[in-house]
Structures are given as C-alpha cells and as structure tokens.
K.L.:
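The structure that follows is given in the form of structure tokens.
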Amino acid sequence: MLNDAVAPEIVPTAGSDKDAPLKEDIRLLGRLLGDVLREQEGDAVFNVVETIRQTSVRFRREADADAALELDAMLKELSREQTISVVRAFSYFSHLANIAEDQHHIRRRRAHLLAGSPAQKGSVSFALKKLRMAGVPRKTVDTFFQDALIAPVLTAHPTEVQRKSILDAEHDIARLLAERDLPQTPKERQANMQLLRSRVATLWQTRMLRYSKLTVADEIENALSYYRITFLRELPGLYDDIEEDIAAEYPNGDGTIEPINAAYVQMGSWIGGDRDGNPNVNAGTMQHALARHATTILDFYLDEVHALGAELSVSTLMVGVSAELQALADQSPDASPHRSDEPYRRALIGIYARLAATARALGATNILRKEVGPAAAYPDAAAFVADLRTIVASLESHHGAALVRPRLATLARAADIFGFHLASLDMRQTSDVHERVLADLFAKSGVAADYTALSEEGKQALLLNELAQPRLLYSPYIAYATETDSELAILRAARDIRQRYGARAIRNYIISHTETVSDLLEVLLLQKETGLLRTDWKTEGDGDSTCELMVIPLFETIPDLQRAAGIMSQVMALPLVKQLIAKQGQLQEVMLGYSDSNKDGGFLTSNWELYKAELALVSDFQKAGVKLRLFHGRGGTVGRGGGPSYEAILAQPPGTVNGQIRLTEQGEIIASKFSNAEIGRRNLELLVAATLEASLAPQEANPARNGQLAQFEAVMAQLSDLAYHAYRHLVYETPGFTEYFFSATPIAEIAELNLGSRPASRKANQRIEDLRAIPWGFSWGQCRLLLPGWFGFGSAIEAWINQADGDAKDDRIATLRAMYAEWPFFATLLSNMDMVLAKTDLAIASRYAELVADQGLRERIYKRITDEHGNTLRCLELITGNTERLAGNPLLARSIQNRFAYLDPLNHLQVELIKRNRTLSNAGKVDERVHRGIQLSINGVAAGLRNTG
C-alpha cells in the first residue's frame with residue numbers, strides 16, 4: 001500500500017494494458033502516502049502500518065486463522081496515538097484509491113472518444129441514435145426537451161462524513177494526477193511530483209473530520225462546494241453538448257445548431273428546508289440557505305461578467321453594434337473616455353454594477369471587485385438574461401458569432417438554469433406535526449376542540465370547510481404552542497423567500513408519512529393561513545384559488561405504498577385540488593421512499609411494492625387526466641434504492657417517466673458522483689440519457705410479450721410475500737434482534753458522533769421502528785453485512801421453487817431465468833443485489849458479532865443471517881448462472897476484491913475501538929481519542945465501499 005513493493009497488490013492483477021495507468025497512479029499515490037507517513041510519524045509507525053497490512057492480507061487471501069489471532073493481538077496492543085495513525089493511513093489510502101479510479105474512468109472515456117468509437121451506452125448521443133432508428137421524429141425530441149424536468153436533489157443526512165477542506169485537497173490531487181497524462185517536460189514532471197507530494201502531505205496534516213457538532217450551515221456550505229466544482233460550468237456545458245448531439249443525429253439541412261430554450265435539468269436541495277426529524281431546521285435556516293445559494297451563483301455571474309468585460313474589447317471603430325446594445329451601453333455608469341468606442345465593455349460594466357446591487361439586496365456581504373458606479377438591482381433573473389441576450393444578438397448580427405461561445409453563451413445558459421436562487425429548496429415535514437399544529441389552531445379558534453380525535457371523514461369535511469372560508473384561524477393576539485409558531489413562521493418565510501429570490505427558489509412541500517387524504521389537505525390549509533394559498537372570492541360560486549407550493553405526498557412504508565394510488569385518486573377528485581392541479585399545468589408530483597419501505601419490508605418487497613405503486617399511480621393519473629411526476633427518494637446503498645441511476649431509470653415501469661423525474665443524491669454518493677467535474681458531467685448526462693430513452697423509446701406491443709410480463713409480475717408478487725415474511729420475522733419478530741443490531745453494528749457510535757445535523761433516530765429510544773432508515777442501512781454497511789440489500793431473497797426463491805413438485809420445479813427455475821433475461825426490472829434488481837453481495841464479507845461481520853455480549857443471542861441470530869446469506873448466493877447463482885460476483889462487470893469486481901485487504905484493517909480497528917469505547921462508557925468515562933478513531937474508521941470504510949450511506 002505504501003511503497004513500490006506492495007502497491008501492485010491494490011490494483012487489478014489481471015486484464016489488459018488498459019489498466020496499466022491505473023496501476024501506476026495507485027502505486028504513485030501509495031508511495032507518496034508512505035513517504036509522508038514516514039516523514040510525519042516516523043519509521044516505527046510506518047512499520048506498524050505495514051505489519052498490520054501484511055497480516056490483514058494474509059487473513060483475507062489465505063483465510064489464515066493464525067493471522068486473525070495475530071491481528072487481534074496486534075490491534076489490542078496499539079497505543080491510542082498509534083491507533084489514530086493507523087486508521088488515518090488506511091482511510092486516506094481509500095480516498096486516494098478513489099481518486100485514481102475516477103481518473104482512470106475519465107482516461108478510458110477520453111480514449112474511447114478519441115478513437116472515434118460508437119456512442120457509448122448511457123450517452124445522450126446513444127439514446128438519440130436509438131430513438132431515430134426506432135422512428136421517433138425530431139419534433140418529438142424537441143418537445144421532450146421543452147417540457148422535461150430532470151432534477152437531482154442534493155440532501156444531507158446523519159451519516160455525512162466529508163469535510164469541505166478534504167474535498168478541496170482531493171480535488172487538487174485529482175487535477176495534478178490528470179496533468180500527468182499530458183506531455184510534460186522533465187521540469188514540469190518534477191514540479192508536478194512536488195505539488196502532489198505537497199498535497200498529500202497537506203491532506204495528512206488536515207483534520208479529516210469535524211470534532212464539533214455539524215450544523216445545517218455546515219451542510220449547506222459542503223453542498224455548495226459541488227456547485228463550484230461541477231454544476232455551475234458542467235451543467236450549461238452539457239446543454240451545449242446535447243444541442244450538438246441532436247444536430248448530429250437529426251440534421252436540419254443548413255448545418256446550424258438550434259438552441260433549446262428550456263431549463264430541462266435543474267438542481268434541487270433539501271439542505272436547510274428538510275425539517276423531518278431535524279429540530280435544527282427552521283425559518284432561519286431556510287433564509288440562510290437561500291442567501292448562501294444566491295451569493296454563490298451571483299459570485300459566479302460577477303466573475304464571468306468581469307471576464308467577459310476583459311474579452312469583449314470590440315470597438316465601434318471596427319464593427320457596428322445593435323441599437324439595443326448601444327442603449328444598454330449608454331445606461332452604464334462607466335463614463336471613461338477610454339472606453340467610449342467599446343460599447344460591449346460599457347454594457348458589461350453596467351451589468352456588473354446591477355449584479356453587485358442585486359447580490360447585496362439578496363444577502364451577499366462581500367463583493368470582491370467594487371463596481372464602477374451605482375446601478376439599480378435586477379428585479380429578477382429574467383432581466384439579467386435579457387441583457388445577456390441583447391449582447392448575444394448584437395454580436396451574432398455584426399460578425400461576432402465566434403465571440404459568443406464559450407463564455408457568453410454558457411453564462412446566459414447558466415442564468416436560465418440557476419436564476420438568482422441556484423437550486424430549488426424543498427420543504428419537508430412529517431404529517432404528525434401538521435396535525436398537531438392544526439389541532440392547536442382549531443382549538444384556540446373555537447372551531448374544533450379536539451381535531452385529532454375526529455375520524456378521517458370528519459377531518460376531511462372540516463378541512464375542506466375551512467379552505468372554503470375567507471377568514472383565517474390564526475390570530476396574532478392568541479398564544480400558541482411553540483411548535484405552532486415555528487411551523488407558521490417557516491411557511492411565512494417560504495412566502496417571503498419566493499418574493500425575494502423568485503418562484504423557483506421554493507416550490508415544493510413534501511409530506512413525510514402521508515397516510516390519508518387529510519394529510520394533504522392539512523398542508524393546503526396551513527398554506528392558506530400563511531398567505532401561500534390565496535383565493536379570489538367571487539360573489540357567486542366558489543373562489544378561484546392559487547397555491548404557491550405544490551403539496552407532494554411521500555409514501556414510505558409498505559402499507560403507505562399500497563394505498564398511495566387510492567389516496568391520490570381521492571385527492572384529485574376534490575374540486576379545489578382539481579383547480580390547483582390545473583394551475584400547476586395539469587401536473588402533480590408524488591414522492592416514493594425507498595429507504596423506509598426497505599427498512600419496513602426488506603429489499604425484495606420494497607422494490608416490488610414501489611413498482612406496483614408506480615403502475616397504480618400511472619393508471620389512476622391517466623384516468624384523472626393529470627400528468628404524473630415521480631420523485632424517487634433514493635439513497636446510496638442498494639438497500640435504500642441505490643445502484644446505477646441509468647439502469648434504475650430504464651427499469652421503471654412503462655409510463656412512469658414521461659420526461660419528468662426528480663431523485664435524491666445523498667451523502668458520500670454526492671462526492672463520488674460530483675467531486676470531479678468530468679465525472680460529474682458524465683453522471684448528469686446519464687440522467688438525461690436515461691430519462692430521454694425511458695420517455696420516448698417505443699414500447700413493445702407484442703401480445704405474447706404482454707402475457708409473459710403478466711406472468712412475471714404474478715411470480716414476483718408471490719416472491720415478495722415470501723421475502724416479506726422472512727425479513728419481518730428476523731427484524732421485527734425475533735426476540736433480541738434489536739439488542740443484536742445495536743451491539744453488532746456501530747449504530748450507537750454513529751448516533752453519538754458528529755456525523756450530521758440530524759439525529760439518527762426520530763425518537764430517543766432503541767426501537768428499529770423509530771430509527772431513521774439512513775443510519776440503519778449505513779450501520780449494516782460499516783460491519784460489512786449490508787443486510788438491507790439482500791436479506792429475504794434466498795428464502796423467498798427457495799420456498800417458491802419448493803412449492804412445486806417434480807418437473808414443475810424445473811419449470812419454475814426456467815421462469816426465474818426468463819425473468820432475469822427478459823424483464824429489466826428483475827434484471828436490475830438482481831444486478832444491484834449482486835453488487836451488494838460482492839461487498840458483503842462474513843469474515844469481517846463475524847468480528848462485529850463478537851461485540852454482542854450474550855453468546856447465545858449472538859450465535860442464534862448470526863447463524864440465521866449467515867444461513868440466509870448462503871441461501872441467497874445459491875439462489876442468485878441458480879438464476880443467473882454466474883458463480884462469481886459481478887461477472888458482468890469484471891473491472892468493478894477486481895476493484896472491490898482488491899480493496900478488501902486494505903479495508904479489513906479499518907474494520908478490525910473499528911471493532912477494537914468500539915470495544916474500548918463501550919468499556920469506557922460503561923465505567924462512566926469518555927476518551928475523545930477513541931471517539932476520534934471510530935469516526936475516522938467510519939469515514940475510511942464509507943470511502944472504500946463508496947455507496948453505503
């Protein structure tokens with residue numbers, strides 16, 4: 001790991017020379033890390049790290065029982081200082097290996113493009129070619145982009161472990177590593193090596209993690225770093241690429257590229273607006289989030305306009321300009337005679353002054369470059385875009401088209417996409433809170449003494465009656481509960497934010513745990529109470545109502561998913577809701593939760609119930625004449641809906657995409673996807689390509705195929721029922737399972753360490769029902785069992801096959817194989833599970849099981865888990881025919897397998913540190929160094945596995 005002699009063991013040992021640059025990069029970074037470790041910590045620590053590594057490799061590759069005993073004894077003898085150094089060494093190596101692998105992906109993609117190879121699957125050009133060959137006309141493609149909304153939504157969560165300082169240092173290392181692929185003189189090569197060594201040393205001397213409680217403000221800043229690295233430039237650039245791809249696949253005859261005047265990819269965020277289970281989010285955090293969003297995007301615009309002012313030195317002595325451009329220049333505060341013949345510069349100086357005034361008005365406190373003179377702030381982003389379009393039009397009509405790209409056109413595109421708000425901030429709260437707030441308002445106003453005691457029918461009747469009243473329930477002269485005041489203040493803040501930053505700043509209100517129609521009506525009434533739902537009352541008939549925030553139900557648990565379509569049918573049939581949906585463009589969004597449904601019912605059942613809910617929603621929305629937009633609440637780990645986004649979108653049931661999709665991006669997945677600009681653009685393109693293909697690719701109309709699909713779905717329903725009972729029996733019905741989980745995983749340590757602003761549990765107890773789904777899945781990843789991503793599958797498959805007799809068993813196996821070969825939903829499900837099983841490690845998990853003090857409990861539950869693991873592997877191999885994990889993705893298989901020997905020490909150390917921490921805790925003592933070591937090990941394991949959050 002840390003020197004030339006051992007570095008090759010981490011990289012793929014098989015394959016072609018295509019992997020040689022990856023081997024070289026990892027060898028280089030490993031050597032630099034080893035040099036830094038020696039310099040900073042001394043030979044003794046370096047030797048300890050190497051001995052642990054070698055012993056761990058022996059334990060991993062030879063299943064050597066003596067090695068396990070040696071490793072255990074060695075780790076117990078480490079001093080606190082040595083422990084921290086060892087954990088840091090292996091954690092940083094995981095981070096550096098990730099950088100090298102990302103750079104290799106970029107390298108291989110560029111080689112593919114330079115070779116003139118056909119468009120890669122997952123690219124927009126590939127999707128367009130497929131559509132054109134299927135007979136999809138250009139007009140249909142144009143309409144798609146005009147109407148589409150594809151929105152990645154960044155979220156923070158309790159297992160967030162990265163620091164911005166570390167992200168910045170790693171970004172520098174990635175850049176320097178990329179430079180080594182370019183021709184360099186010996187001096188340039190030497191300078192590059194010195195800078196790399198310096199950055200690795202900086203990384204070592206930088207505190208990897210936070211040792212004070214993470215705040216919502218910290219999470220906001222962390223997310224904003226990805227905008228600066230990736231989104232601000234790469235998203236507009238992707239738009240340009242897509243326009244070129246369309247022109248290449250659907251040429252219009254004159255060789256020109258027609259612009260797409262629509263923001264079909266937009267960014268979303270939950271950070272600062274998601275109150276569900278997070279008492280730290282309030283009106284102030286929402287206002288702070290938007291102020292920071294606005295500052296970030298306006299800083300970008302100011303920099304770009306300043307650069308344009310330097311570039312567009314066009315003189316009217318050489319070429320003319322449009323009257324509109326001249327008028328814009330004449331409005332500028334710049335009166336310098338030196339620029340009297342340079343109207344573009346004068347116009348841009350005026351635009352800069354207006355942007356600076358806008359930035360101050362929207363909360364910015366530090367404008368780096370002082371404007372030439374005063375100017376009025378822009379009323380909205382559209383006015384800024386109009387000024388940029390004036391410059392573009394003048395250049396294009398006066399022999400300056402070549403000057404429009406790249407900067408000016410990209411800036412205008414960015415302004416269309418990001419406005420002055422940067423990203424739409426979603427609001428989210430649980431339905432229970434809304435009920436309590438309204439109960440308080442109803443009681444204090446004398447309308448209903450006990451709203452919570454009413455039946456569902458009674459609640460609906462009362463809510464609809466109040467929505468039809470011109471008066472309010474709230475009075476400024478009555479004292480309400482603190483929660484009531486806080487929730488109303490948040491909604492009032494949303495109204496103010498929309499007025500200040502634009503309607504796209506906040507436009508969605510998500511209701512967690514939506515279980516009834518009244519849950520949606522409650523939020524409509526709260527919007528009415530705070531001026532977000534307004535009615536133009538007519539003298540005759542009903543009023544004409546307008547609602548500023550779309551009310552979006554989130555269906556999370558298995559029962560919630562099963563009643564989702566029924567609830568939406570009832571809601572959409574209400575006259576008021578019909579009116580509001582019409583004003584939303586006859587469109588309504590529904591959010592589906594992958595995390596809680598998995599925790600509730602297990603991997604197989606969660607996926608099946610999500611699939612069924614989507615089909616039912618599509619059918620009912622079609623009957624209501626309403627367009628459905630699904631918001632997929634996916635996490636990083638497969639147990640929370642993770643896995644490749646491209647395949648996941650294509651595996652959606654027919655009719656569920658239709659150019660409209662939002663999906664969450666969470667935790668370390670954000671870093672893995674978007675901390676590198678080029679990889680970030682590729683991931684954004686994958687979303688667009690998959691949405692385009694899923695929306696427009698013709699569906700097979702073969703009656704036999706439809707009959708086969710019905711058979712597959714019937715089989716899946718049976719499998720789901722069997723898997724559900726197997727999973728529920730273990731997790732919720734086995735005595736002592738909760739104790740086992742809290743002992744055999746680092747969940748308690750995750751909950752008490754500074755890994756996020758949100759508590760790990762919704763309530764202060766040790767009930768799995770109240771535990772947030774994110775730390776539930778994250779904990780199973782840390783102990784390398786990843787149970788939420790596979791448990792129940794083996795039991796279900798085995799039981800279903802054994803329900804048949806004789807030759808009928810072979811028929812059932814053949815059916816399962818046909819489902820895998822011909823049904824994208826089932827193939828994607830098994831592919832994701834295959835990846836989870838490749839990362840699962842029973843040898844490591846057994847070390848965590850030793851943390852369970854009750855030997856009988858430990859052996860009983862661990863045996864059930866390992867038996868199911870073996871059963872799942874056998875059943876997966878029976879269906880796919882693959883005896884090796886990730887047979888279809890050998891590069892990922894090699895990467896995972898070769899990482900294990902370097903992740904193992906982190907897991908072993910984590911177990912030892914947890915033992916120490918719990919012993920101290922039982923004695924009423926605290927050791928901050930032990931806490932620090934656990935937190936560092938959590939970071940390293942998460943980085944090594946890459947999708948466990």
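Just so you know, these numbers come straight off a predicted model, no measurement behind them.
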K.L.:
Distance-only, no hydrogens or angles: does the Q588 side chain make a donor-acceptor pair with backbone N or O of V551 under 3.5 Å?
P.N.:
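Between the backbone of V551 and the side chain of Q588 there is a qualifying donor-acceptor contact (under 3.5 Å).
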K.L.:
Is there a donor-acceptor pair under 3.5 Å between the side chain of E456 and the backbone N or O of S518?
P.N.:
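Yes; judged by distance alone, with no hydrogens or angles, the pair exists.
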K.L.:
By side chain to side chain contact (heavy atoms under 4.5 Å, CB included), which residues pair with E457, not counting sequence neighbours?
P.N.:
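Result, side chain to side chain contact (heavy atoms under 4.5 Å, CB included) vs E457: S455.
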K.L.:
Would K627 pass as a cation-pi partner of F621, given that its NZ or CZ must be under 6.0 Å from the six-membered ring centre and within 45 degrees of the axis?
P.N.:
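Geometry flag: not set, cation outside 6.0 Å or 45°.
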K.L.:
Do the ring planes of W776 and F741 sit parallel (below 30°), tilted (30 to 60°) or perpendicular (above 60°)?
P.N.:
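Because their plane-to-plane angle lies in the 30° to 60° range, the rings of W776 and F741 count as tilted.
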K.L.:
If you apply the rule side-chain hydrogen bond (donor to acceptor under 3.5 Å, both in side chains), what do you find for Y611 with E713, and how did you get there?
P.N.:
CA-CA 10 Å; Y611 181 93; E713 290 176 344; 3.0 Å; yes
K.L.:
Are any side-chain N or O atoms of T656 and backbone N or O atoms of P653, one a donor and one an acceptor, separated by less than 3.5 Å?
P.N.:
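Yes, the answer is positive, given that a donor and an acceptor are paired below the 3.5 Å cut-off.
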K.L.:
Is the distance between the ring centroids of F603 and F793 under 6.0 Å?
P.N.:
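No, they do not, as the ring centres are separated by 6.0 Å or more.
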K.L.:
Could E435 and K459 be called an ion pair, given the rule that one side-chain N must be under 4.0 Å from one carboxylate O?
P.N.:
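So E435 pairs with K459 through a salt bridge.
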K.L.:
Quick test of your reading of the model: are K444 and D440 salt-bridged, counting only N-O distances below 4.0 Å?
P.N.:
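A salt bridge is present here (some side-chain N lies under 4.0 Å from a carboxylate O).
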K.L.:
Please tell me whether N658 and S695 have a donor and an acceptor in their side chains that are separated by less than 3.5 angstrom.
P.N.:
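N658 vs S695: no donor-acceptor pair found between side chains.
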K.L.:
Is the shortest distance from a Lys or Arg side-chain nitrogen in R507 or E548 to a carboxylate oxygen in the other one below 4.0 Å?
P.N.:
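No, R507 and E548 are not salt-bridged.
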K.L.:
What's the spacing between I220 CD1 and T285 OG1 if we round to 0.5 Å?
P.N.:
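One finds 6.5 Å between CD1 of I220 and OG1 of T285.
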K.L.:
What's the separation between atom NE2 in H288 and atom NE2 in H293, rounded to the nearest 0.5 Å?
P.N.:
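NE2 of H293 is found 9.0 Å from NE2 of H288.
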K.L.:
Under the side chain to side chain contact (heavy atoms under 4.5 Å, CB included) rule, what do S645 and K673 come out as? Steps first, then yes or no, please.
P.N.:
CA-CA 11 Å; S645 297; K673 284 187 174 182; 3.0 Å; yes
K.L.:
Do we see a donor-acceptor contact under 3.5 Å between the side chains of S424 and D426?
P.N.:
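No - no donor-acceptor pair under 3.5 Å links their side chains.
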K.L.:
When you look at NZ of K578, are more than 12 heavy atoms from neighbouring residues, nucleotides or ligands closer to it than 6.0 Å?
P.N.:
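Not buried by this count: 12 neighbours or fewer within 6.0 Å.
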K.L.:
Carefully, step by step, assess V153 and L663 under the rule side chain to side chain contact (heavy atoms under 4.5 Å, CB included).
P.N.:
CA-CA 6 Å; V153 181; L663 66 165; over 6 Å; no
K.L.:
Run the numbers on D620 and S569 for side chain to side chain contact (heavy atoms under 4.5 Å, CB included), then give the verdict.
P.N.:
CA-CA 6 Å; D620 287 2; S569 291; 2.7 Å; yes
K.L.:
When you compare the side chains of S597 and S606, does any donor N or O come within less than 3.5 Å of an acceptor on the partner?
P.N.:
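The criterion, which ignores hydrogens and geometry beyond distance, is satisfied for S606 and S597.
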K.L.:
Any salt bridge linking E733 with R728? Criterion: basic side-chain nitrogen under 4.0 Å from a carboxylate oxygen.
P.N.:
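No salt bridge links E733 with R728.
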K.L.:
So, does R498 use its side chain to make a donor-acceptor pair with the main chain of A503 at under 3.5 Å?
P.N.:
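Answer holds: yes.
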K.L.:
Taking only residues two or more places apart in sequence or in another chain, which ones pass ring-ring contact (aromatic ring centres under 6.0 Å, His included) with F674?
P.N.:
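By the ring-ring contact (aromatic ring centres under 6.0 Å, His included) rule, F674 matches F231.
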K.L.:
Using a 3.5 Å distance criterion without hydrogens, assess whether the side chain of T745 forms a donor-acceptor pair with backbone atoms of S779.
P.N.:
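No; judged by distance alone, with no hydrogens or angles, the pair does not exist.
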K.L.:
Give the intermediate values and the outcome of salt bridge (charged side-chain N to carboxylate O under 4.0 Å, His left out) for residues R534 and D544.
P.N.:
CA-CA 8 Å; R534 296 179 299 279; D544 182 22; over 6 Å; no
K.L.:
From L587 CG over to R629 CZ, what is the distance, rounded to the nearest 0.5 angstrom?
P.N.:
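So the gap between those two atoms works out to 5.0 Å.
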K.L.:
Mind listing the closest non-hydrogen atom pair of D560 and F555 along with its distance?
P.N.:
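D560 and F555 have their closest heavy atoms at O-CD2, 3.6 Å.
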K.L.:
Can you say whether the rings of Y727 and Y732 are parallel (under 30°), tilted (30 to 60°) or perpendicular (over 60°)?
P.N.:
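Plane angle over 60°, so perpendicular.
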K.L.:
As a quick check of understanding, evaluate side chain to side chain contact (heavy atoms under 4.5 Å, CB included) for L687 and V265, giving each step before the final call.
P.N.:
CA-CA 9 Å; L687 290 180; V265 180; over 6 Å; no
K.L.:
Do S486 and Y480 have side-chain heavy atoms sitting under 4.5 Å apart?
P.N.:
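Counting from C-beta outward, S486 and Y480 never come under 4.5 Å.
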K.L.:
Is R492 positioned over the aromatic face of Y474, cation under 6.0 angstrom from the ring centre and no more than 45 degrees off axis?
P.N.:
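Yes.
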K.L.:
Identify whether the distance between the nearest side-chain nitrogen and carboxylate oxygen of R436 and E522 falls below 4.0 Å.
P.N.:
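No, this pair does not count.
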K.L.:
Take K599 and E556, measure what salt bridge (charged side-chain N to carboxylate O under 4.0 Å, His left out) needs, and give me the verdict at the end.
P.N.:
CA-CA 10 Å; K599 184 167 75 77; E556 301 174 87; over 6 Å; no
K.L.:
In Å, rounded to the nearest 0.5 Å, how long is the span from CG of L425 to OH of Y501?
P.N.:
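Spacing of CG (L425) from OH (Y501) equals 11.0 Å.
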K.L.:
Only counting residues at least two apart or in another chain, list the ones meeting ring-ring contact (aromatic ring centres under 6.0 Å, His included) with Y509.
P.N.:
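For Y509 the ring-ring contact (aromatic ring centres under 6.0 Å, His included) partners, ignoring immediate neighbours, are H434.
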